Amino acid sequence: EVQLVESGGGLVQAGGSLRLSCAASGLPFDDYAIAWFRQAPGKEREGLSCINSNNGNTTYADSVKGRFTTSNDNALKTVYLQMNSLKPEDTAVYSCASRPQWPAYANTYYREDLYNYWGQGTQVTVSS
């Protein structure tokens with residue numbers, strides 16, 4: 001069974017940092033990408049970052065570029081999202097998702113229908 005399990009969410013004050021983890025198991029592909037998404041109440045789901053699990057190539061949404069960094073540890077089969085300088089507007093449920101192959105075009109980076117496995121999500125709350 002394919003599983004993506006997020007951890008590391010919680011409550012943090014504005015300006016603080018959190019590191020989220022996405023532990024993957026059972027993925028049926030040798031070459032795949034893992035992305036982070038978030039969804040706040042009343043808002044549409046937003047793609048944040050994507051990483052190639054083999055070579056570490058990354059992309060970022062403008063809303064988090066310079067503050068968030070994604071990385072991977074292939075030995076641990078885990079992808080991370082380091083979040084710095086957190087703001088109250090970062091409050092959301094954060095999820096990781098996987099897709100086969102690295103996206104070929106920028107306008108497909110966060111097309112949700114191309115991600116075939118999703119984690120359960122972890123809550124991040126940033127206080128003022």
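Everything quoted here is computed from the prediction, not taken from an experiment.
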>> Quick test of your reading: applying salt bridge (charged side-chain N to carboxylate O under 4.0 Å, His left out), list the pairs with at least one residue in residues 45-60, sequence neighbours left out, ordered by first then second residue.
In response: Arg38-Glu46, Arg45-Glu112
>> Checking side-chain polar atoms at under 3.5 Å, does Asp73 have a donor or acceptor matched by the opposite partner on Thr78?
In response: no
>> In this structure, would Phe68 and Val124 fall into the same cluster of hydrophobic residues linked by side-chain contacts under 4.5 Å?
In response: yes
>> Using the rule that Ile, Leu, Val, Met, Phe, Trp and Tyr join whenever any side-chain heavy atoms are under 4.5 Å apart, tell me whether Val93 and Val126 fall into a single cluster.
In response: no
>> Run the side-chain contact (heavy atoms from CB on, under 4.5 Å) test against Tyr109 and tell me which residues pass, sequence neighbours left out.
In response: Thr59, Pro103, Ala106
>> Show me the pairs that pass disulfide (SG to SG under 2.5 Å) and involve residues 98-128, at least two apart or across chains.
In response: none
>> Holding to ring pair (Phe, Tyr, Trp, His ring centres under 6.0 Å), I want the full list of residues that pass it with Tyr115, two or more places apart in sequence or in another chain.
In response: Phe37
>> Any non-hydrogen side-chain atom of Leu48 less than 4.5 Å from a side-chain atom of Tyr94?
In response: yes
>> Within the structure provided, determine whether Ile34 and Ser53 are in side-chain contact (heavy-atom separation under 4.5 Å).
In response: no
> In this structure, which one of Val79, Leu20, Val64 forms a side chain to side chain contact (heavy atoms under 4.5 Å, CB included) with Thr70?
Replying inline: Val79
> Taking only residues at least two apart or on different chains, which pairs with a member in residues 84-128 satisfy disulfide (SG to SG under 2.5 Å)?
Replying inline: Cys22-Cys96
>> I need the full list of disulfide (SG to SG under 2.5 Å) pairs touching residues 44-95, with sequence neighbours left out, sorted by first then second residue.
In response: none
